[in-house]
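A short worksheet on the structure shown next.
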Amino acid sequence: NHQQIVINKTGEQLNLFLGGQLAFTDKEEWENQQLISLLTPFIKDTDNILIIGSPTIAGELKTRLSPQQIIFLEIDSKLLELEKNFLTQT
């Protein structure tokens, strides 16, 4: 069983909803920068990063920290197929 997944487009922005709640958009650059700014002082190894959840954060980390490897973890295979679009855009 998969959760209810809805993707819609508002202008140029793609939005992904899970179970009726907005999970992320492809235009979260400012929010992701703020989150990464809060996390950066606590990251000891920027070469290998594990991301659980947001593909847009993975893209922002790739840009800002230039890790050698990002491992993206998603347990819902159907959602992962949809998120690949977000991951490949970064």
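Given the structure is predicted, the values throughout are model-derived calculations rather than measurements.
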Can you tell me how far apart [atom1] ([X]) and [atom2] ([Y]) are? Round to the nearest 0.5 Å.
X	Y	atom1	atom2	answer
Thr40	Gln33	OG1	CD	11.0 Å
Gln69	Leu50	CD	CG	10.0 Å
Ile49	Gln68	CD1	CD	10.5 Å
Leu61	Leu39	CG	CG	8.0 Å
Glu60	Glu31	CD	CD	10.5 Å

Can you hop from [X] to [Y] via hydrophobic side chains spaced under 4.5 Å?
X	Y	answer
Ile43	Ile51	yes
Phe72	Leu35	yes
Val6	Leu22	yes
Ile71	Ile57	no

task = For a side-chain contact (heavy atoms from CB on, under 4.5 Å) with Thr25, tell me which candidate from Asn15, Leu14, Asn8 qualifies.
result =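 Between Thr25 and the candidates, side-chain contact (heavy atoms from CB on, under 4.5 Å) is satisfied uniquely by Asn15.
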